[in-house]
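Here's the structure we're looking at; comments come further down.
From a predicted model like this one, the values you see are computed outputs, not experimental measurements.
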Amino acid sequence: MTTPYTRLDKNNAAVLLVDHQAGLLSLVRDIDPDKFKNNVLALGDLAKYFNLPTILTTSFESGPNGPLVPELKEQFPEAPYIARPGQINAWDNEDFVKAVKATGKKQLIIAGVVTEVCVAFPALSALAEGFEVFIVTDASGTFNEITRNAAWERMAGAGAQLMTWFGVACELHRDWRNDVEGLGALFSNHIPDYRNLITSYTTLTAAK
């Protein structure tokens with residue numbers, strides 16, 4: 001069975017950032033740590049660029065999982081922030097689910113640590129309740145490729161769509177005529193090679 005192509009709609013999407021905590025980030029080994037953090041912050045930047053409702057949540061901050069990474073707090077000082085006292089599946093937390101449903105959006109863009117638990121569990125729960133779920137694979141991390149691939153297969157099999165933050169941004173944007181400079185700057189800030197492309201473009205444009 002294949003999942004039909006459902007396009008992301010910036011007017012119907014919310015972003016859920018699940019358990020990007022200082023302690024848990026030390027467990028991520030399936031992607032380079034610097035690249036991973038860059039991808040997470042890129043997802044945050046695109047959420048702000050498209051004005052997507054964004055919800056932050058952590059689990060058991062007082063334990064080894066640790067606090068939310070400070071950069072996300074700085075990106076979203078006004079966003080709902082659900083510090084779960086212990087629930088492993090964020091969807092088991094009533095305040096989190098209320099915050100998700102309060103957005104009024106049916107498309108959920110989810111990323112987190114670790115992929116097979118903190119991402120997969122709420123993703124599967126949301127799918128069971130009729131939400132459309134999009135997993136940002138490169139802004140989610142885990143122990144190794146085996147656990148990651150098992151999580152991806154489980155979520156995809158349940159109907160989740162696996163994407164990257166760059167793919168999410170482009171699908172939300174739809175048409176370059178909507179804006180070149182703003183999105184181009186976002187890409188340049190997170191992809192060094194893209195900065196070269198934009199520099200070339202601006203140089204040629206200025207010369208005309």
Side-chain angles (χ1 to χ4, degrees), residues 1-20 39-58 68 72-73 75-82 84 89-113 115 118-140 151-152 154-187 189-191:
M1 184 177 122
T2 58
T3 303
Y5 176 37
T6 302
R7 298 173 70 176
L8 276 168
D9 178 357
K10 64 184 178 182
N11 298 312
N12 194 31
V15 174
L16 312 182
L17 299 176
V18 185
D19 301 355
H20 290 99
N39 294 342
V40 173
L41 297 179
L43 176 59
D45 281 345
L46 77 84
K48 294 182 72 173
Y49 175 82
F50 291 106
N51 294 314
L52 305 180
T54 301
I55 298 169
L56 309 173
T57 186
T58 58
L68 184 74
L72 287 178
K73 280 187 178 179
Q75 274 186 316
F76 300 100
E78 307 299 325
Y81 176 66
I82 313 299
R84 309 190 314 279
N89 182 350
W91 210 263
D92 288 341
N93 182 280
E94 187 177 344
D95 292 333
F96 179 76
V97 176
K98 281 182 179 177
V100 172
K101 293 182 177 179
T103 67
K105 312 301 183 182
K106 292 299 291 181
Q107 295 186 332
L108 303 181
I109 300 168
I110 305 177
V113 183
T115 308
C118 307
V119 178
F121 292 175
L124 294 167
S125 297
L127 285 163
E129 292 201 25
F131 287 89
E132 296 171 3
V133 172
F134 301 78
I135 305 301
V136 189
T137 57
D138 54 355
S140 303
W152 286 356
R154 188 181 189 196
M155 290 186 285
Q161 296 193 48
L162 307 183
M163 300 185 70
T164 64
W165 74 260
F166 187 80
V168 168
C170 290
E171 191 157 276
L172 288 167
H173 199 52
R174 298 283 179 94
D175 192 322
W176 273 113
R177 290 169 294 182
N178 292 330
D179 171 48
V180 175
E181 285 73 19
L183 192 63
L186 191 158
F187 288 164
N189 288 339
H190 294 284
I191 306 173

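Put simply, CZ on Phe50 and CG on Leu172 are 5.0 Å apart, with the number rounded to the nearest 0.5 Å. The structure places CD1 of Ile135 at 6.5 Å from OG of Ser140, a figure rounded to the nearest 0.5 Å. Taking CG of Asn12 as the reference point, atom OG1 of Thr103 lies at 8.5 Å (rounded to 0.5 Å). One distance of note links CD1 of Ile109 with CG of Leu17; it measures 10.0 Å at 0.5 Å rounding. If you take CZ on Phe166 and CG on Leu186, they are separated by 10.0 Å, rounding to the nearest 0.5 Å. Note that the CZ atom of Arg174 and the CZ atom of Arg7 stand 4.0 Å from one another [nearest 0.5 Å].
At least one donor-acceptor pair closer than 3.5 Å links the side chain of Thr137 to the backbone N or O of Met163. Without hydrogens or angle criteria, Gln161 side chain to Thr6 main chain gives a donor-acceptor distance under 3.5 Å. One N or O on the side chain of Asp179 and one on the backbone of Leu183 form a donor-acceptor pair closer than 3.5 Å. The backbone N or O of His173 lies less than 3.5 Å from a partner atom in the side chain of Asn178, making a donor-acceptor pair. Side-chain atoms of Lys73 do not come within 3.5 Å of backbone N or O of Leu68 as any donor-acceptor pair. Counting only distance, with no hydrogens or angles, the side chain of Gln107 and the backbone of Phe134 share no donor-acceptor pair below 3.5 Å.
By the 6.0 Å contact criterion, CD on Glu94 is open, its count of non-hydrogen atoms from other residues, nucleotides or ligands being 12 or less.
The aromatic rings of Trp165 and His190 lie perpendicular to each other, with more than 60° between the two planes, well past the 30° mark. Phe131 and Trp91 have perpendicular rings, their planes meeting at more than 60° on a 0 to 90° scale where under 30° would count as parallel.
You'll find the side chain of Pro122 stays beyond 4.5 Å of the side chain of Leu16, heavy atoms only.
Residues Lys106 and Asp9 are not paired through a salt bridge, judged by the lack of any N-O separation under 4.0 Å between the basic side chain and the carboxylate.
Under 3.5 Å, the side chains of Asn93 and Thr57 contain no donor-acceptor pair of N or O atoms.
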